[in-house]
Amino acid sequence: MDDGQWRAPGREEGVPPREPYASAGAAVPAGEPYGGAPARSPYVTPSSSAFDTSERHRDRVLGGAGYDSPAYRNDRVAVAAMVFGVLGVVVPGLCLIAIAFGHLGLRRLRTSYEGGRGLAVAGLALGYAMTAVWTGLFLLFLSARTMI
């Protein structure tokens, strides 16, 4: 203090400023706030899923600061339900496959972070509607055939 000014403790000339929240001998990792490992949420339970896309999406959604959102992928079974529902308009038996895949897709989407719930519901709706239409047409055909 040769020029007569007051300096805060630890701010002497030639001494670099010290990180106030770092522990005495620990190095702070570059991306971790508060000098420690990120705490895992107690509400997240690991699943024993055979599909790693859900695990990858979970880590991306729940890890980090919360401003990062993943590019959602649609569940393949939900997409198949929608495709079979649309094809069921033309081919009678595919409606039943659309119903089965729609229910399976909704069940799988309960425990995953993938998208496609709307596709599964649309596949179910098309499957049930076209099953009713094809059944009605079949019964109409049978009744018209017996009249002849």
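Here, residue 1 is the first one in the sequence, and each next residue gets the next number.
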*Full working for side-chain contact (heavy atoms from CB on, under 4.5 Å) between T135 and T131*: CA-CA 6 Å; T135 303; T131 299; 4.1 Å; yes
*Which class fits the ring pair F101 and F84: parallel under 30°, tilted 30 to 60°, perpendicular over 60°?*
tilted
*Kindly work out whether a path of hydrophobic side-chain contacts (I/L/V/M/F/W/Y, heavy atoms less than 4.5 Å apart) joins V86 to V83.*
yes
*Between CD1 of I99 and CG of L104, what distance do you get to the nearest 0.5 Å?*
13.5 Å
*Can you get from L94 to V90 by hopping between Ile, Leu, Val, Met, Phe, Trp and Tyr side chains that sit under 4.5 Å apart?*
yes
*Given the rule that I, L, V, M, F, W and Y join up when any side-chain heavy atoms are under 4.5 Å apart, are F138 and Y128 in one cluster?*
no
*Single-linkage hydrophobic cluster, 4.5 Å side-chain cutoff, L124 and L119 together*: no
*How far apart are the closest heavy atoms of A78 and G116, and which atoms are they?*
CB-O, 3.2 Å
*Quick one: closest heavy-atom pair of A81 and A98, and the distance?*
O-CB, 3.6 Å
*Student check: side-chain heavy atoms of L87 and I97 closer than 4.5 Å*: no
*Kindly say whether G88 contributes a backbone atom to a donor-acceptor pair with the side chain of W134 at under 3.5 angstrom?*
yes
*Can you find a heavy atom in the side chain of L109 that is under 4.5 Å from one in the side chain of E114?*
yes
*Would you kindly confirm whether V91 and L126 end up in one hydrophobic cluster when ILVMFWY residues are joined by side chain heavy atoms under 4.5 Å apart?*
yes
_Atom pair CZ/CZ of R117 and R110 - distance to nearest 0.5 Å_ = 9.5 Å
_Looking at every non-hydrogen atom in both residues, tell me the closest pair between A120 and G105 and how far apart they are._
CB-C, 4.5 Å
